[in-house]
Amino acid sequence: MTIKRRDFLKIGGGLSLGLPLYTCISDKSYNSTSKSSWLAAVEQWIPSVCQACPGGCGIMVRVIDGRAVKIEGNPLHPLNKGKVCPKGQAGLQLLYSPERVRGPLKKIGDRNEERWETISWDEALNTVSAKLQQLRESGKSHTVAFAGKNQQNTTDELVSRFFEVYGSPNFFKFDEWAALKNAYFVSQGIYDLMAVDLHNSRLILSFGANFLSNWPNVMENQRIYGEKRAEGDLKIIQIEPRFSIEASRADKWIPINQGSEGLLALGIASILIKERLFNQAFVERFTSQFNEFRDFILQNIYLDQVSEMTGVPLSTIIEIAKEFHTRQPVVAVSDFNLSYSNKGLFNILAVHSLNALAGNIDSPGGFLRRRQAPLTELPPVTLDSIAKKALSEEEHSGTSGSDLLFPSKNAKDMIDSMLNKSPYGISCLFLSSPGHQFVSFIQKKKADILESIPFIVSFSSFMDETSSLADLILPDTTFYEKWQDHHSSPLSEIPIVGISRPVIQPLYQSRPLESTLLTLAKTMGEDFAQNFPWPDYRELLLYRMKGLFRAKKGSIFSSSYEEAQLRILEERGWWTPQHDSEDAFIKDLLEKGGWQDPSYHFNERSFVYQNNSQRFVFVSSFGIEGVGSNENQENEDYPLRLFLFDLPFTSSDSSSKNMPWYQENLGFRFGLLWKIWVEVNPETAGALGIRDKDIVWVESPQGRIKAVAKIFPGVGPEIVGMPLNKTEYPLASKGEADINDPLHLLEETYDERTGIPDRMSTRVKIYKARRR
Amino acid sequence: MRKWGMVIDLDRCTGCQACVVACKAENNVVFSDPTQEETHRAISWMSVLTVLEGEYPDVKEKYFPRPCMHCENPPCVKVCPVGATYKNPEGIVAQVYTRCIGCRYCTNNCPYTLKYFNYSRPRWSNEMKNLLNPDVSRRQVGVVEKCSFCHHRLQKAKEDARFEKRELREEDYVPACVQTCPTGALIFGDLENPKSEVHRLSKISRAFRLLEELGTEPQVFYLTEGEWHG
Ligand code: SF4
Ligand code: SF4
Ligand code: SF4
């Protein structure tokens with residue numbers, strides 16, 4: 001049985017989805033709308049999970065005779081409730097991209113060139129297996145490294161398990177949210193993100209946060225935005241150097257000097273403290289070191305100085321403070337954007353201190369902490385002596401000199417430490433979608449990398465910059481062709497586990513990364529293999545899912561009505577089983593697409609504050625030397641500041657290049673389809689003699705790139721704005737689109753504490769280019 | 001008889017583009033390339049228009065999602081010499097590709113510039129042909145295309161209803177853009193049905209239509225932004 005469109009539009013209780021039977025991929029295609037052809041065709045709607053960004057929205061894929069032809073949202077998925085973003089809508093262009101790697105490839109000849117030979121999976125896996133075993137036997141397993149992105153799923157655990165058993169501490173995950181996690185660790189003792197209860201808050205004071213465009217729970221935020229705008233019960237103040245999408249949807253946009261957001265937050269804090277407009281009860285019960293914080297602020301923060309350094313008028317600062325006090329519940333939000341400055345951690349901590357002053361941590365309309373979904377833990381690993389010894393080796397942390405407990409692993413430091421062979425050289429590197437930042441560093445250092453790392457394996461599904469480095473490509477499938485799970489981002493307070501399943505069989509000779517690792521594990525000897533007892537990855541997932549049944553809470557995705565019922569019952573301590581057996585549970589889970597627990601339990605203090613004092617710690621010394629020193633020097637040669645921003649729904653991975661439907665709309669605010677642009681204030685443009693749509697060079701000491709000038713009053717006279725991850729060709733064959741990557745303009749400076757690249761202090765000049 | 005129409009709540013729209021891409025994916029609209037950008041020949045049945053007002057730092061920006069207006073009194077239909085574009089009884093302005101002779105009179109006569117001419121054959125790579133929707137025909141060079149309110153979905157919904165021996169329900173039929181809009185800015189239904197949401201919203205004081213003075217009587221209504229947007 002298959003679902004009809006009508007059924008799943010109903011968003012009702014009695015949704016009945018049959019377990020789809022896979023048909024093999026057929027090349028048969030329809031030519032016309034002839035009814036007889038589609039009536040005869042097998043139409044299926046298969047529930048799965050979109051992973052075109054870290055969001056993990058529930059989707060239903062329409063499959064006709066083995067071809068995936070359309071994606072809609074899964075109405076039962078609590079995050080996106082039937083909706084899909086433009087990137088998710090364009091997703092099938094990833095699946096059917098002409099850039100897909102068709103099967104295992106081996107580089108032949110010069111490593112700097114790209115000549116490939118097609119090889120069989122057997123040969124490819126034998127090569128890798130032999131290499132891994134040889135390194136392990138010679139006591140060098142720790143010199144094998146894996147670089148990927150931070151994912152919210154069991155794949156991550158499988159990869160780290162593999163490398164643990166193998167004996168390498170070098171499993172790098174790039175996480176653009178690392179600075180925020182560090183901030184929460186400093187203030188609350190948790191290395192995690194906090195969810196923001198936008199639904200119940202009445203004022204969103206956003207310090208450059210892209211909550212409507214680039215958060216993993218963006219679809220939830222979009223929905224809440226729509227609902228609350230319609231109700232009229234929403235106020236957004238967006239504080240940001242550039243007039244972003246969020247700024248355009250805000251009640252008020254307040255431009256601010258780049259990198260001075262934390263200072264403004266302290267300015268607001270000083271008013272709240274002086275006027276006693278903060279939540280005294282909360283501060284007393286739930287915070288520590290408030291007195292030090294207060295004294296620091298009273299002694300060091302002068303509003304006229306704050307106003308001058310931030311560029312925000314004094315009256316506006318006072319207005320924000322008043323509003324922050326009166327429109328409870330409020331949230332002061334920031335995101336990774338603040339971490340891209342050389343005082344990133346300080347800025348984020350300063351913003352978060354406002355939330356403690358308002359007392360909106362672990363309270364409705366404030367900051368909440370998502371519980372973990374009760375998945376079955378993987379069984380403990382048994383390590384042999386080689387692995388034990390190797391794991392005691394120092395890891396390539398990529399964060400030299402940082403005094404943070406959870407330093408973020410940043411691309412540049414990591415690559416540097418590999419290249420400098422300190423503490424030791426890397427003999428084999430595995431790459432799996434490690435993210436845009438990493439990729440851009442790779443491009444700069446390609447020759448050095450090839451020189452110092454003798455063997456590189458890429459899992460890339462597309463021919464791209466990482467695959468060009470590789471000696472061997474073991475092409476992963478896209479997420480549409482494999483089993484995976486997806487755990488909701490901690491930015492959303494509901495724990496959700498989505499089940500991503502193959503909507504069609506793997507195309508060409510691609511193979512899921514998970515299967516490749518499980519197969520490799522079996523070749524590594526019995527002791528190794530016993531840590532991976534599952535016949536295939538689906539079995540491993542189902543093993544974990546059983547924990548959801550046994551935990552006796554939450555439920556399989558259900559209608560909003562049932563969900564509301566369940567939440568009320570569960571918050572009062574009731575739970576009614578809906579399935580008599582594990583098997584029935586699993587069957588239902590796969591049909592509906594996932595599991596969630598809509599209940600939230602307030603006042604579990606030890607969960608929200610995991611530091612010794614179980615309190616929010618105000619920070620007044622940590623990084624505060626940043627106050628006032630965030631000015632980047634005036635420079636006559638390069639008079640303008642470069643402001644780089646992420647385009648909506650762009651994740652940092654490079655896969656969006658393979659989605660022309662999505663890419664061609666990113667310049668919609670400027671009527672541009674396939675051009676990279678630079679936003680220039682009218683005054684600046686006038687002074688430079690630049691007109692709208694002129695082709696200009698944007699030049700920094702690092703290099704120059706060509707762009708279309710767009711006269712835009714949404715940036716100040718001293719700033720020019722440029723988008724990241726915009727391609728200039730519909731089907732970007734590798735490299736081509738990246739010649740013009742604005743990341744190339746960046747100076748190599750970093751946040752002192754987190755090591756995250758500084759996007760904020762590069763200065764540029766612009767001038768007209770000769771036409772094309 | 002039903003009269004299908006749309007209400008677009010500008011208070012809700014975030015300019016996210018989900019509607020734009022959903023439309024292309026549903027209706028086999030080929031993606032553009034840099035040459036088409038130069039020559040203004042890119043096709044997009046649904047687009048989000050933007051209006052930027054003010055000077056730094058007092059800037060406002062408005063987003064207008066803009067499908068075909070499915071005019072009650074459509075100027076495009078009047079000039080078509082072969083009846084390739086016509087107003088159907090349920091209010092949809094339809095386009096029959098096989099009948100279109102490519103004279104482009106309608107393209108020139110649409111005051112909203114919502115008709116698109118296929119100057120070249122849509123280029124689908126062999127791989128991407130797989131994702132084409134079998135319910136919607138692929139276009140040939142030399143024909144005009146436009147937003148159809150996903151008319152094929154109505155056909156399908158009707159057939160399903162007939163198969164189940166029941167009346168078509170209003171909610172059985174939703175265009176792709178409306179189905180995916182994350183903020184609920186797009187609302188679709190029967191304007192003639194006094195109980196429907198679109199009927200109610202089209203009558204409230206915030207409702208207006210584009211270029212109303214031309215007398216085209218669009219069946220797409222907009223709701224103005226509220227106070228928050230000044
Ligand atoms: S928000 Fe992310 S996960 Fe959700 S539909 Fe868009 S790309 Fe997919
Ligand atoms: S999908 Fe909805 S919110 Fe997004 S641009 Fe279209 S109408 Fe606006
Ligand atoms: S908007 Fe243009 S294309 Fe649509 S019905 Fe009116 S005149 Fe015809």
Side-chain angles (χ1 to χ4, degrees), chain A residues 4-6 9 29-30 32-33 37-38 41 64 67-73 80 83-86 89-90 92-93 95-98 100 212 219 222-223 225-227 229-230 232 235 243 245 248-249 251 253 255 648 660-662 664-665 668-669 673-675 681 713-716 728-730, chain B residues 9 11-12 14-18 20-22 24-26 31-34 36-37 42 44 47-48 50 52 54-57 59-61 63 125-138 152-153 155-157 159-160 171-172 174 176 179-185 226-229:
Chain A
K4 299 235 173 66
R5 175 186 295 119
R6 180 180 61 255
L9 279 176
S29 65
Y30 298 91
S32 72
T33 51
S37 69
W38 68 251
I64 293 184
R67 295 189 297 119
V69 300
K70 183 71 176 46
I71 294 170
E72 300 291 354
N80 59 312
K83 309 300 183 174
V84 184
C85 85
Q89 282 287 355
L92 295 178
Q93 294 191 320
L95 176 65
Y96 294 122
S97 166
R100 290 271 311 253
L212 287 176
M219 293 303 279
Q222 289 261 351
R223 180 177 66 248
Y225 174 86
E227 286 167 4
R229 269 284 176 246
K235 181 147 192 181
F243 190 68
I245 292 274
S248 82
R249 299 300 88 190
D251 299 67
W253 169 50
W661 270 332
Y662 160 72
E664 69 181 347
N665 293 305
F668 82 101
R669 295 174 84 188
L673 303 176
W674 297 107
K675 294 194 170 92
N681 181 279
V715 290
E728 298 186 293
Y729 302 91
Chain B
D9 187 345
D11 251 356
R12 290 181 180 236
T14 55
C16 77
Q17 308 290 314
V20 178
V21 181
K24 296 185 187 197
E26 177 74 15
F31 49 89
S32 61
D33 65 22
Q36 286 167 324
E37 177 172 14
S44 191
S47 308
V48 181
T50 61
L52 189 70
E55 279 171 30
Y56 178 84
V59 194
K60 296 268 175 222
E61 189 170 40
Y63 301 135
S125 66
N126 280 336
E127 294 87 352
M128 279 206 199
K129 278 179 190 155
N130 283 301
L131 56 71
L132 295 176
N133 182 354
D135 303 344
V136 177
S137 59
R138 258 187 261 165
H152 58 281
R153 288 188 172 205
Q155 304 270 316
K156 206 158 184 251
E159 289 189 34
D160 287 345
E171 64 272 20
D172 288 343
V174 185
Q179 186 173 351
T180 211
C181 174
T183 62
E227 251 170 57
W228 68 275
H229 211 249

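Numbered from 1 within each chain, the chains take letters A, B, ... in sequence-line order.
- Both the backbone and the side chain of A:L92 come within contact range of chain B, with heavy atoms under 4.5 Å apart.
- At a threshold of 4.5 Å between non-hydrogen side-chain atoms, the residues A:E72 and B:Q179 count as touching.
- Interface residue B:T50: only side-chain heavy atoms are found under 4.5 Å from chain A.
- Looking at A:Q93, both its backbone and its side chain come within 4.5 Å of chain B, counting heavy atoms on both sides.
- Residue contact with chain A, scored on non-hydrogen atoms closer than 4.5 Å, involves the backbone and the side chain of B:S32 alike.
- Scanning both residues, A:C85 and A:M219, for their nearest heavy atoms gives N-CE, 3.4 Å.
- With a 4.5 angstrom heavy-atom cutoff, B:A185 does not touch chain A via any of its atoms.
- With a 4.5 Å cut-off on non-hydrogen atoms, B:E37 touches chain A through its backbone and its side chain both.
- Heavy-atom minimum distance, A:W661 versus A:A90: CB-CB, 3.9 Å.
- Put simply, of B:D9, B:V48, B:T180, the one with the most heavy-atom pairs under 4.5 Å next to chain A is B:T180.
- Counting heavy atoms from C-beta on, the side chains of B:F31 and B:M128 come closer than 4.5 Å.
- In this structure, OH on B:Y56 lies 12.0 Å from CZ on A:F243, to the nearest 0.5 angstrom.
- With 3.5 Å as the limit, one finds no donor-acceptor pair spanning the side chains of A:N80 and A:K83.
- Chain B forms more heavy-atom pairs under 4.5 Å with one residue of A:P98, A:G714, A:P648 than with any other, namely A:P98.
- Rounding to the nearest 0.5 Å gives a distance of 6.0 Å between CG of A:L95 and CZ of A:R100.
- Within the 4.5 angstrom heavy-atom criterion, only side-chain atoms of A:N681, from C-beta onward, approach chain B.
- Residue with the most contacts toward chain A among B:G15, B:A22, B:G184: B:A22 (heavy-atom pairs, distance under 4.5 Å).
- Of all the listed residues (B:T14, B:V20, B:D11), the one sharing the greatest number of non-hydrogen pairs under 4.5 Å with chain A is B:T14.
- Residues A:Q222 and B:T183 approach most closely at OE1-CG2, 3.2 Å, considering heavy atoms.
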